[in-house]
Every structure is written in C-alpha cells, then in structure tokens.
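Presented below is the structure to which this report refers.
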Amino acid sequence: MSTTGMRRRYWLMKSEPEDFSIDDLERVGTEPWTGVRNYQARNFMRDGMRRGDGVLFYHSNCAVPGIYGIAEVASSAYPDPTQFDRTSKYFDPKATREEPRWMLVDVGFVRSFAAPVTLEAIRGRAEALGEDFALIRKGSRLSVLPVNAAQWKILLAMEPK
DNA sequence: GCCAACGTTGGC
DNA sequence: GCCAACGTTGGC
C-alpha cells in the first residue's frame with residue numbers, strides 16, 4: 001500500500017440542467033445521483049468510484065451542451081433509494097432491498113466554470129483526447145463515464161478564462 | 001420536435 | 001438464443 005494514498009480517478013457525469021444543474025448542486029452542496037438505469041454507468045459508480053474522485057459536471061439536452069463545472073465523488077456506492085419507491089419514475093419492480101439493482105454515489109459541489117467547456121470545443125480537441133473518450137465516441141450515450149488523467153488535464157485547461 | 005443510435009424486453 | 005418492438009438518450 002502506498003503511503004501517498006490511492007490516486008484519484010476522474011469521471012464525467014451528465015445531467016439535464018432542467019432536471020438538475022450545476023447551480024442546483026451548488027445550492028444543495030451534495031446530491032445523491034439518483035436515476036441512473038444503465039448497467040455500464042451503474043458499474044462505474046459501483047465498482048470504480050471512490051470518495052474524492054474528480055467529476056466533470058456535464059449539461060446535456062440543452063441549448064449549449066458541455067462541461068459547466070467540477071464536482072467530486074462524496075460517498076462510496078450504495079443502493080439508489082428511488083428503485084424501491086413506487087411513486088418515483090425510477091421505481092424498478094424487479095429490485096429488492098435484499099438484491100438492489102441500482103447503485104449510486106453522492107456528488108458534491110466543487111466549483112462552477114465562468115463559462116462552459118462546450119461540446120463543440122471538446123469535439124475540436126477530439127484528437128488530443130483520444131479514441132477512448134466515451135463522450136464523443138460515435139453513438140455513445142453513457143451518462144457516467146471515465147476520464148483519464150490526461151483527458152482531465154486537457155479539459156480543465158480548456159475552461160474559458 | 002425530429003430522429004439516429006443504442007439498450008432492454010419478451011415472444012418464440 | 002434470436003430478434004422485433006419498444007423506450008430512451010441527447011444532439012441538432
């Protein structure tokens with residue numbers, strides 16, 4: 001075991017700003033990332049994320065899609081409570097408390113950008129970001145995806161000053 | 001609002 | 001296990 005601790009990992013998490021924006025996160029401070037119903041995205045949260053990991057907060061399905069700020073993983077993974085809630089749109093009749101299907105982490109606000117790193121700008125750096133950057137991979141719709149250290153550095157350097 | 005791309009469901 | 005039908009995502 002390293003005495004310097006485990007290296008942080010980095011992620012990108014999408015949210016529709018009409019549903020939950022970076023400003024909403026700033027207001028509440030920490031938010032359980034409910035509603036992920038894709039197995040690959042779930043697996044990243046359940047198996048990959050650790051408290052303190054960096055998160056790029058991405059706004060999707062809006063006028064200017066892009067990265068609007070930074071957040072961090074604020075808990076380890078635990079069952080998404082909405083899967084058990086009959087009144088929730090995320091209710092899953094096949095999930096049980098003994099065998100939950102959907103896991104989430106809490107996400108904490110770090111800071112918002114003065115202006116977004118737009119999807120358009122990100123596409124412009126596609127070559128530097130590389131083939132394994134799932135955000136701009138053709139057909140990829142993952143709402144939670146890994147970002148490597150080099151990509152994290154590139155994307156943060158793109159923040160408009 | 002359109003629609004391409006993708007994931008899931010369920011009949012067979 | 002195949003695959004058609006359906007639902008969802010998300011850019012435009």
Side-chain angles (χ1 to χ4, degrees), chain A residues 9-28 31-49 53-73 77-107 109-148 151-152 154-160:
Chain A
R9 295 173 182 171
Y10 304 105
W11 310 92
L12 182 146
M13 298 174 88
K14 297 179 186 174
S15 184
E16 300 188 14
E18 297 223 342
D19 191 39
F20 190 79
S21 71
I22 186 83
D23 292 337
D24 293 326
L25 184 61
E26 179 167 21
R27 213 166 293 127
V28 298
E31 178 75 4
W33 206 256
T34 55
V36 170
R37 294 294 180 270
N38 170 281
Y39 289 106
Q40 209 178 340
R42 176 204 66 184
N43 293 349
F44 285 134
M45 290 197 288
R46 186 188 63 187
D47 307 329
M49 287 190 181
D53 284 357
V55 173
L56 298 168
F57 197 107
Y58 182 92
H59 284 183
S60 64
N61 233 324
C62 57
V64 184
I67 299 164
Y68 279 71
I70 300 174
E72 65 182 0
V73 176
Y78 62 96
D80 180 341
T82 63
Q83 70 194 300
F84 309 123
D85 177 0
R86 290 184 177 283
T87 68
S88 168
K89 65 173 172 174
Y90 300 123
F91 176 67
D92 183 343
K94 291 181 180 163
T96 65
R97 289 186 186 275
E98 295 71 33
E99 273 190 87
R101 263 195 181 190
W102 305 109
M103 306 290 280
L104 54 67
V105 296
D106 293 342
V107 172
F109 178 79
V110 175
R111 67 184 181 89
S112 44
F113 292 167
V117 174
T118 66
L119 178 59
E120 188 184 13
I122 294 167
R123 288 196 196 284
R125 298 298 308 280
E127 204 155 323
L129 289 162
E131 299 268 315
D132 67 327
F133 188 46
L135 181 72
I136 51 177
R137 202 184 299 148
K138 190 181 84 70
S140 172
R141 295 174 317 182
L142 268 179
S143 66
V144 176
L145 54 104
V147 174
N148 69 34
Q151 292 158 351
W152 174 266
I154 290 168
L155 292 164
L156 285 195
M158 289 171 68
E159 179 185 355

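Every heavy atom of this structure was used, including side-chain atoms; hydrogens, water molecules and symmetry mates were not. We name chains A, B, ... by the order of the sequence lines, and we start the count at 1 in each one.
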Rounded to whole angstrom units, what separation is found between the NZ atom of Lys138(A) and the P atom of dC12(C)? 14 Å

Could you check Lys94(A) against Asn38(A) and say which one's nearest nucleotide on DNA chain B is further toward the 5' end? Asn38(A)

Nearest whole angstrom, please: distance from the P of dG10(C) to the CZ of Arg137(A). 14 Å

Can you confirm whether or not the ring centre of Tyr90(A) sits under 6.0 Å from the ring centre of Trp33(A)? no

B/S/- along nucleotides 2-9 of chain C (protein heavy atoms under 4.0 Å) is ------BB

When the side chains of residues 120-130 of chain A are checked against the rest of the protein, which donor-acceptor pairs come out under 3.5 Å, sequence neighbours left out?
none

Rounded to whole angstroms, how far apart are CG on Leu135(A) and P on dG11(C)? 8 Å

Name the atoms and distances for all side-chain donor-acceptor pairs under 3.5 Å in residues 16-23 of chain A, with sequence neighbours left out.
unit_1   : atom_1 : unit_2   : atom_2 : d
Glu16(A) : OE2    : Asn61(A) : ND2    : 3.2
Ser21(A) : OG     : Asp23(A) : N      : 3.2
Ser21(A) : OG     : Asp24(A) : N      : 3.1
Ser21(A) : OG     : Asp24(A) : OD2    : 3.3

Would you tell me whether Thr82(A) and Arg37(A) have side-chain atoms, one donor and one acceptor, within less than 3.5 Å of each other? yes

Can the ring centres of Tyr39(A) and Trp102(A) be said to be less than 6.0 Å apart? yes

Atom pair CZ/CZ of Arg101(A) and Arg42(A) - distance to nearest 0.5 Å: 8.5 Å

